[in-house]
Peer 1: 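Please see the structure below; I have some questions.
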Amino acid sequence: MKEQDYLDIEAYQQGELPSDQVKALVARVTTEPDLAAVMSERQLLNDHLRATAKEPALRETLSVLGAKYFADGTAPNGQNTTATNNEAVVKTLKPQKKNWLVIAASAAAILLLFVVGGKVFFGEQDSTYEQFAQHQPLSLTERGDGDNGITQAEAAFNNGRYEEAILPLTEYVELNKEDARARLALGISYLETGNDAEAIRVLTEVAETGGSVAPYGNWYLALAAVRNDDKPAALRYLDRIPPGDTFLEERVTELRQVVAE
Amino acid sequence: MLEELYRECAPGIIRWVTANNGTAADAADLFQEALISLHHSAHKPGYELTCPINALIFTICRNQWINQLRRKKKESEVRIVEAERYIPESATESAYERWEEEQLEKEQLNTSLAQLSATCRDLLRLLGRGVSSAEAAKKLGMTNANTVYRRKNACLQRWRDLFEGMNGLK
């Protein structure tokens, strides 16, 4: 393999390879085992890095839920869930274990480190983006088309493999121009792979459809603006989202507060 | 979705862990780590859940707790919980085996990444967070996106050598 092949793979996995070159590269993968092996190895690493990057925000969410559902062995409905009459319990075994306050504090410390680190290494706006960028699953197959490309797009998108989702979603959207949800997923995929210019172009199209998905176009445009530290633009997009959508309403209020701080 | 999992799984896991010499806090830790590990699994290409998620989470929590007791050399207590160990459905068992392989792979990835230079780690972490190559170039004082691709490629060649050493890649 030539050095340019490796650089093309990097650009592809960053979602930054032009679409004509993407098609050429994907076609080569089917006939060149060496290229396929390198793609596969690097995909493995990239997936791991992406999952790791999202872990702090997930831990924060889980800590909150853990405090709610595991506190003192009592379920939120008041039902005691601990064992009460099991003879196998040996009381002296109990390890020195942190309680939930400590866990919550640790989670907060991890989050704080992440945010403080974010200011140094990544920019505060990136952690705000991570906090709010929770995508609803895509379900194209429910619309009755069993084409493998659609299944691949859906599986890739729902599993966070956004660069892999871009090509099949682009092809699907070209054939199904009226499918605003698929177009939204394409915009999100561009956003997640750092191709903000394409993301903004596609999300603007979604926002301008005027249908029920349009508020989501504006929501993701706001998130793109947040990530680029353009607070006035973020607020403008948030202002365009009408109330009434249960998924968005609370999130819009919270993001507006964060942006205004 | 997450809250639903907590609502459905927490009572059973608390009950099992506290019945086997643990606390509700232990159960919470086990449950959280199980979800974090599944979050990593879900990012793998082609990942599909092949058994009910509740059953898989319970199996992970239970086996991890047994391992913790074993590490603490509480042999008699391990025997107690082993005696009470239930046999999962075969689909759950094979999903659990795959989960164990994924944990091993995750450890190897983390170990190999930790051996890279600080510059490589910063660059990979930045790109992993979805920052564009052009933006990464700006943040790391590199000339442009092409420099980022070249630097990342050099980092990944080194990473491959390290990972190959652990994993037998050819």
Peer 1: Counting heavy-atom pairs under 4.5 Å with chain B, which one of Q13(A), R50(A), E164(A) comes out on top?
Peer 2: R50(A)

Peer 1: According to ring-ring contact (aromatic ring centres under 6.0 Å, His included), who are the partners of Y220(A), at least two apart in sequence or on a separate chain?
Peer 2: H135(A)

Peer 1: Which heavy atom in E41(A) sits nearest to a heavy atom in W159(B), and how many Å separate them?
Peer 2: O-CH2, 3.7 Å

Peer 1: Evaluate the criterion side-chain contact (heavy atoms from CB on, under 4.5 Å) for residue pair H40(B) and T52(A); output intermediate values, then yes/no.
Peer 2: CA-CA 7 Å; H40(B) 277 268; T52(A) 303; 3.4 Å; yes

Peer 1: Among E3(A), R42(A), Q43(A), which has the most heavy-atom pairs under 4.5 Å with chain B?
Peer 2: R42(A)

Peer 1: Out of A136(B), A27(B), S112(B), which one racks up the most heavy-atom pairs below 4.5 Å with chain A?
Peer 2: A27(B)

Peer 1: Quick one: of L140(B), I36(B), L35(B), V17(B), who has the most non-hydrogen atom pairs under 4.5 Å with chain A?
Peer 2: I36(B)

Peer 1: Please report the interatomic distance CZ(R129(B)) to NZ(K54(A)), rounded to the nearest 0.5 Å.
Peer 2: 11.0 Å

Peer 1: To the closest 0.5 Å, what do you measure between CG (L49(A)) and CZ (R121(B))?
Peer 2: 12.5 Å

Peer 1: Under 4.5 Å from any heavy atom of chain A, what part of E48(B) do you find: side chain, backbone, both or neither?
Peer 2: neither

Peer 1: Give a yes or no on whether E250(A) atom CD has more than 12 heavy-atom contacts from other residues, nucleotides or ligands under 6.0 Å away.
Peer 2: no

Peer 1: What are the two closest non-hydrogen atoms of G194(A) and S132(B), and how far apart are they?
Peer 2: O-CB, 3.0 Å

Peer 1: Compare all side-chain heavy atoms of Q32(B) with those of F70(A) and state whether any distance is below 4.5 angstrom.
Peer 2: no

Peer 1: Of the backbone (N, CA, C, O) and the side chain (C-beta and beyond), which part of E102(B) lies under 4.5 Å from a heavy atom of chain A, both, or neither?
Peer 2: neither

Peer 1: Between R150(B) and E10(A), does at least one N-O distance fall below 4.0 Å, as a salt bridge requires?
Peer 2: no

Peer 1: Taking the side chain as every heavy atom from C-beta outward, state whether L156(B) and Y6(A) have any atom pair closer than 4.5 Å.
Peer 2: no

Peer 1: What heavy-atom pair brings R227(A) and G130(B) nearest, and what distance separates the two atoms?
Peer 2: NH1-O, 3.8 Å

Peer 1: How long is the straight-line distance from CZ of R7(B) back to CG of L65(A), given to the nearest 0.5 Å?
Peer 2: 9.5 Å

Peer 1: Could you state the interatomic distance from NZ (K44(B)) to CG (L44(A)), rounded to the nearest 0.5 Å?
Peer 2: 5.0 Å

Peer 1: Give, as side chain, backbone, both or neither, the part of E192(A) having an atom under 4.5 angstrom from any heavy atom of chain B.
Peer 2: backbone

Peer 1: Which bit of L113(B) is near chain A, if near means a heavy-atom gap under 4.5 Å: side chain, backbone, both or neither?
Peer 2: side chain

Peer 1: If you look only at pairs with a residue in residues 101-153 of chain B, which of them pass as a ring pair (Phe, Tyr, Trp, His ring centres under 6.0 Å), with sequence neighbours excluded?
Peer 2: none

Peer 1: Side chains of L2(B) and L58(A): does their closest heavy-atom pair fall under 4.5 Å?
Peer 2: yes

Peer 1: Out of curiosity, D5(A) CG to N153(B) CG, how far, rounded to the nearest 0.5 Å?
Peer 2: 10.0 Å

Peer 1: Would you say that N110(B) contacts H48(A) through its side chain, given a criterion of any heavy-atom pair below 4.5 Å between the two side chains?
Peer 2: yes

